[in-house]
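This report concerns only the one structure given below.
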Amino acid sequence: MRDVETRPKKGEWIIVFTILFASLPLILGFALLVISSFSKDMVTNLSLSSFRPTIENWINVFQGKLAITGGIRQNILKITLNTLVVALGVSGIVTLISTLAGYSLSRMKFRGRKLMMLLLLMLHAFPGVALIVGVYLLYRLTFPQEPSFVRLYSFFYVILARAALEIPMSVWLMKGFFDTIPWELEWSGIIDGASRIKVWRQIMLPLIKPGILAVALFGFLAGWQDLIYVRTFLIDQTLATFIEANIEAEYSHMPLIAAAGTLYLLPTIIFFLTAQQLLLQSYSGGIKG
């Protein structure tokens, strides 16, 4: 007897065709972006008549050259590094807090536990844009008086603010993973004299590696792709604000911006190509309430 529901193959192609048809606008959009990054002119239709192959756009992007004429340049490596710092910071904070909080909510009974779980869901439902006024107020209240700390503070604050938006759902995911681990494994460690922290670190965490990695990757992508919080609080540019600023600039060369946009997409593409099985495990293991 099969342990999963099977569907007759007859008619499967209809489902596949429907999914592909519904995804067609997205697929075409990303395909045109990538093709344009290797073209002298922007490709905006299906005829590809405007496609003239070149790698000049990519060379200009890595040289920080924003226009095909003139001397306007940006340090694209520094901008990429800024993006990486924000993404890794968000990923680290989200992973640390969600693994600790998920373990506590899964294994410990305390007053207000159910209310806390409901509040976490409610917090996840709030869009980040709706909270930005209150977040900006905290930003101004905690703004450093020493000018030399302002740039560092902006990085620190945007990482915390963006991580706070990702933590509620990540805690729920991690709680689901901890729920799947039998109590006997944990009790055996406690009976042997280990503390709860030691049990969490040495017994529980190795058993939920797919969940930890999935939460870390989601946190990384959230920090990498963020635009609103980065634009509001960060003094330096990231790839998102760099592309957004140059799309409307008079000197911008759109195929060059397409190359920058493709560079911006690379972590997401690599993520989904390498973590498909991991994501399936995450969704199946992290949804237990």
Side-chain angles (χ1 to χ4, degrees), residues 23 25-45 48 50-92 94 151 154-155 158-159 162-163 166 213-214 216-276 278-279:
S23 307
L26 283 176
I27 296 172
L28 281 177
F30 287 124
L32 290 177
L33 178 72
V34 175
I35 292 171
S36 297
S37 71
F38 293 98
S39 172
K40 291 183 178 179
D41 298 313
M42 199 69 184
V43 180
T44 56
N45 54 57
L48 299 181
S50 55
F51 177 67
R52 293 189 294 158
T54 180
I55 60 170
E56 185 181 5
N57 300 320
W58 284 93
I59 294 173
N60 287 336
V61 164
F62 285 112
Q63 291 178 343
K65 192 176 178 182
L66 299 184
I68 54 177
T69 58
I72 305 172
R73 288 178 181 270
Q74 287 270 8
N75 189 342
I76 195 70
L77 293 179
K78 183 174 183 295
I79 291 173
T80 306
L81 180 62
N82 293 338
T83 315
L84 198 60
V85 168
V86 173
L88 289 176
V90 173
S91 176
V94 168
R151 175 164 272 107
S154 70
F155 271 103
V158 77
I159 288 171
R162 196 64 187 84
E166 300 302 314
L213 190 53
L217 287 172
F218 282 128
F220 179 87
L221 291 179
W224 183 270
Q225 298 172 351
D226 184 75
L227 175 61
I228 296 175
Y229 277 58
V230 164
R231 189 180 182 190
T232 305
F233 301 114
L234 193 65
I235 294 175
D236 295 280
Q237 276 192 321
T238 64
L239 283 173
T241 52
F242 168 77
I243 294 170
E244 189 251 353
N246 285 285
I247 284 177
E248 298 178 352
E250 294 180 0
Y251 54 79
S252 63
H253 180 54
M254 291 311 293
L256 194 150
I257 300 301
T262 305
L263 174 66
Y264 180 59
L265 285 176
L266 281 181
T268 307
I269 296 172
I270 294 172
F271 164 64
F272 282 106
L273 288 178
T274 58
Q276 295 178 45
L278 179 65
L279 288 176

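Throughout, numbering of the chain's residues begins at 1 and tracks the sequence.
- Residues Ile76 and Phe242 are in side-chain contact: their nearest non-hydrogen atoms beyond the backbone lie under 4.5 Å apart.
- Checked by atom type and distance alone, the side chain of Trp224 never pairs as donor or acceptor with a backbone atom of Leu265 at under 3.5 Å.
- In this structure the side chain of Phe155 reaches within 4.5 angstrom of the side chain of Val85, judged on heavy atoms.
- The backbone N or O of Ser39 lies less than 3.5 Å from a partner atom in the side chain of Asn57, making a donor-acceptor pair.
- Counting only distance, with no hydrogens or angles, the side chain of Asn82 and the backbone of Gln237 share a donor-acceptor pair below 3.5 Å.
- The two residues Ile243 and Ile257 have their closest heavy-atom pair at CG2-CG2, 4.0 Å.
- The minimum heavy-atom distance linking Val90 with Ile159 is given by the pair N-CG2, 3.6 Å.
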Which pairs of donor and acceptor atoms, one on a side chain in residues 228-235, lie under 3.5 Å apart (sequence neighbours left out)?
{"unit_1": "Tyr229", "atom_1": "OH", "unit_2": "Gly128", "atom_2": "O", "d": "2.9"}
{"unit_1": "Arg231", "atom_1": "NH1", "unit_2": "Glu244", "atom_2": "OE2", "d": "2.8"}
{"unit_1": "Thr232", "atom_1": "OG1", "unit_2": "Ile228", "atom_2": "O", "d": "2.7"}

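- If you take CD1 on Ile27 and CG on Leu32, they are separated by 12.0 Å, rounding to the nearest 0.5 Å.
- Distance alone, capped at 3.5 Å, places no donor-acceptor pair between the Asp226 side chain and the Ala222 backbone.
- The one candidate from Thr83, Asp236, Leu227 that meets the side chain to side chain contact (heavy atoms under 4.5 Å, CB included) condition with Thr241 is Leu227.
- Within the model, atoms CG of Leu77 and CZ of Phe62 stand 8.0 Å from one another, a figure rounded to the nearest 0.5 Å.
- Residues Ala258 and Met42 approach most closely at CB-CE, 4.1 Å, considering heavy atoms.
- In this structure, Phe220 CZ and Leu213 CG are separated by 12.0 Å, a value rounded to the nearest 0.5 Å.
- For residues 27-37, the side chain to side chain donor-acceptor pair (under 3.5 Å) pairs, not counting sequence neighbours, are Ser37-Trp58.
- Around atom CG of Leu26, more than 12 heavy atoms belonging to other residues, nucleotides or ligands sit under 6.0 Å away.
- Side-chain contact check for Val86 versus Arg162: every heavy-atom pair is 4.5 Å or farther apart.
- Atom-to-atom distance recorded for Leu239:CG and Gln225:CD is 11.5 Å, nearest 0.5 angstrom.
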